[in-house]
Amino acid sequence: MPITSPVQRAFPDIDTLLNPLTENIDSRTTLISLCGAGGKTSTLFWLAEYFYQQGKRVLITTTTRMFLPAQSHYRELILEADPVRQLTRCQQVPDGPTLVALFSHIDRTSGKVAGLTPEQVDLLKGQQRFDLILVEADGAHHKLLKVPALHEPCIPLSSDWVIALVGGAMVGAKADPQQIHRWAELQALCGITAGEPLDWALFDRLISHPQGVFKGSPARARRIWFINGDYQNEASWQPQLITLLARHPEIHAIWQGAVREPIAIRHVVRQAPLDGELVASPRA
């Protein structure tokens, strides 16, 4: 595939930015998995509400555990552990725009819900009952940066998109084990010690390494790296991000923003269009 130069956009049109996420490869249901640290749950809720407001049928779930969403984040809640009954319950959801939260069960002590296995999510996608399925596929204990352990993340094989997050406050900061989930894994992967800077070379390694932030991403899935919670450095980081994306044609785009703010995505660097299509050539 010909190589094109990345392009950047400030304050991109949100419809133009997000509507390509409905593109998929093998069915009408698009599966988006979120991993990493620094705002996965908020991003999941933001995307789910956006697509619901666009008239889509949306399902949210997790392949790990998460706190039970507030009722404002869904229109119907399904708690069902049996995989066959999960499919039946989803099939019974009325036609028309909807936003369904599906989990296997809730731990009343912790307030957390247990999600589905990646294989169960793949079955739900194959059912083609929803336009989009959004999956929180990783846990980070509320930290801003993580490197996955051996058993992480739990990304369904039929994912069309993988969005890996990092907290914007980590970029350029000094490495603080208290802010990093799986500190030992980060040390082993990047050879860093506490107090050393989390520089662009480190993030380049985290993006490219098979055990890095996109670990477990299906070869077919398009990838987005999202620097979330970044308020002050958007413009100044653009040259480094353009260079980074040019080195990684497997990355569809890099987003900068803060999903809890009125303007959620403030800057985007993405692969340039080629013959009317967006470049997307994930590594095997």
Side-chain angles (χ1 to χ4, degrees), residues 5-10 33-40 42-43 137-149 152-153 155 161-217 221-259 265-271 279-283:
S5 299
V7 295
Q8 58 179 312
R9 294 287 184 272
S33 294
L34 295 95
C35 59
K40 293 185 303 297
S42 298
T43 303
D138 206 0
H141 287 227
H142 305 288
K143 302 296 178 65
L144 298 178
L145 174 64
K146 77 164 290 184
V147 171
E152 299 170 319
I155 298 175
W161 296 83
V162 175
I163 302 176
L165 285 90
V166 63
M170 291 290 93
V171 180
K174 293 182 178 180
D176 179 0
Q178 298 303 313
Q179 294 291 333
I180 298 171
H181 190 44
R182 311 293 189 204
W183 168 246
E185 283 79 1
L186 180 67
Q187 286 185 300
L189 190 65
C190 298
I192 194 170
T193 60
E196 290 186 330
L198 301 169
D199 57 17
W200 291 113
L202 179 138
F203 287 106
D204 190 320
R205 182 166 177 77
L206 288 179
I207 288 173
S208 62
H209 198 282
Q211 303 300 312
V213 296
F214 285 102
K215 177 189 173 187
S217 297
R222 287 187 259 188
R223 306 176 186 188
I224 294 172
W225 189 42
F226 183 12
I227 305 173
N228 184 42
D230 176 27
Y231 299 91
Q232 300 177 347
N233 301 292
E234 297 143 343
S236 64
W237 287 350
Q238 291 300 295
Q240 291 91 344
L241 293 178
I242 291 172
T243 299
L244 191 67
L245 193 63
R247 287 171 49 83
H248 295 283
E250 77 278 10
I251 306 297
H252 174 81
I254 300 173
W255 294 353
Q256 289 176 273
V259 293
I265 306 298
R266 300 169 65 91
H267 283 263
V268 172
V269 180
R270 63 173 176 84
Q271 304 291 359
V279 173
S281 54
R283 287 179 179 170

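As the structure is a prediction and not an experimental result, all values here were calculated from the model.
- For Arg247 and Asp204, the salt-bridge test passes: some basic side-chain N is under 4.0 Å from an acidic carboxylate O.
- When all heavy atoms of Pro153 and Pro148 are compared, the pair lying nearest together is CD-CB, 3.9 Å.
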Let's go through Leu206 and Leu145 carefully: what are the C-alpha distance in whole Å and the side-chain angles of both, what is the deciding distance for side chain to side chain contact (heavy atoms under 4.5 Å, CB included) to 0.1 Å, and is it a yes or a no? CA-CA 11 Å; Leu206 288 179; Leu145 174 64; 4.1 Å; yes

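- Every residue two or more places apart in sequence or in another chain was checked for a salt bridge (Lys or Arg N to Asp or Glu O under 4.0 Å) with Glu185, and none qualifies.
- Formation of a donor-acceptor pair under 3.5 Å by the Lys40 side chain with backbone atoms of Ala137 is not found in this model.
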Stepwise, does the side chain to side chain contact (heavy atoms under 4.5 Å, CB included) test hold for Leu241 with Ile227? CA-CA 11 Å; Leu241 293 178; Ile227 305 173; 4.0 Å; yes

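- Asn228 meets the side chain to side chain donor-acceptor pair (under 3.5 Å) test with no other residue; sequence neighbours excluded.
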Please step through side chain to side chain contact (heavy atoms under 4.5 Å, CB included) for the pair His248 and Arg223, ending with a clear verdict. CA-CA 10 Å; His248 295 283; Arg223 306 176 186 188; over 6 Å; no

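- Across every non-hydrogen atom of Ser236 and Pro239, the tightest pair is O-CD, 3.5 Å.
- At a threshold of 4.5 Å between non-hydrogen side-chain atoms, the residues Ile192 and Leu202 count as touching.
- Shown here for His181 and Gly139, the closest heavy-atom pair between the two residues is CD2-O, 3.6 Å.
- Annotation: the span from Leu245 atom CG to Ile251 atom CD1 amounts to 7.5 Å, rounded to 0.5 Å.
- Partners of Gln8 according to the side chain to side chain donor-acceptor pair (under 3.5 Å) rule, which considers only residues two or more places apart in sequence or in another chain, do not exist here.
- Aromatic rings of His252 and Trp161 (six-membered ring for Trp) have centroids within the 6.0 Å cut-off, being under it.
- When all heavy atoms are compared, the tightest approach of Lys143 to Gln179 is CB-O, 3.5 Å.
- Closest of all the heavy-atom pairs between Ala175 and Pro177 is O-CD, 3.8 Å.
- Atoms CD1 and CZ, from Ile224 and Phe214 in turn, are 8.5 Å apart once rounded to the nearest 0.5 Å.
- Applying the side chain to side chain donor-acceptor pair (under 3.5 Å) criterion to Ser42, with sequence neighbours excluded, gives Arg260.
- Annotation: the span from Leu198 atom CG to Leu144 atom CG amounts to 10.5 Å, rounded to 0.5 Å.
- Taking the side chain as every heavy atom from C-beta outward, Arg9 and Arg270 approach each other to under 4.5 Å.
- Residues meeting the side chain to side chain donor-acceptor pair (under 3.5 Å) test with Gln211, sequence neighbours left out: none.
- When all heavy atoms are compared, the tightest approach of Ala10 to His267 is CB-CE1, 3.5 Å.
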Go through it in stages, so that I can follow the logic: the residues are Ile155 and Val162, the test is side chain to side chain contact (heavy atoms under 4.5 Å, CB included), and I'd like the CA-CA distance, side-chain angles, deciding distance and then a yes or no. CA-CA 8 Å; Ile155 298 175; Val162 175; 4.2 Å; yes

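- Remark: Asp199 pairs with no residue by the salt bridge (Lys or Arg N to Asp or Glu O under 4.0 Å) rule, at least two apart or across chains.
- Ring geometry, Trp225 versus Trp200: the interplanar angle exceeds 60°, so the pair is classed perpendicular (tilted spans 30 to 60°).
- Atoms CD and CD1, from Gln238 and Ile242 in turn, are 6.0 Å apart once rounded to the nearest 0.5 Å.
- Between the CD atom in Gln256 and the CD1 atom in Ile265 there is a gap of 9.5 Å [rounded to 0.5 Å].
- A distance of 4.5 Å separates CG in Leu165 from OG1 in Thr43, rounded to the nearest 0.5 Å.
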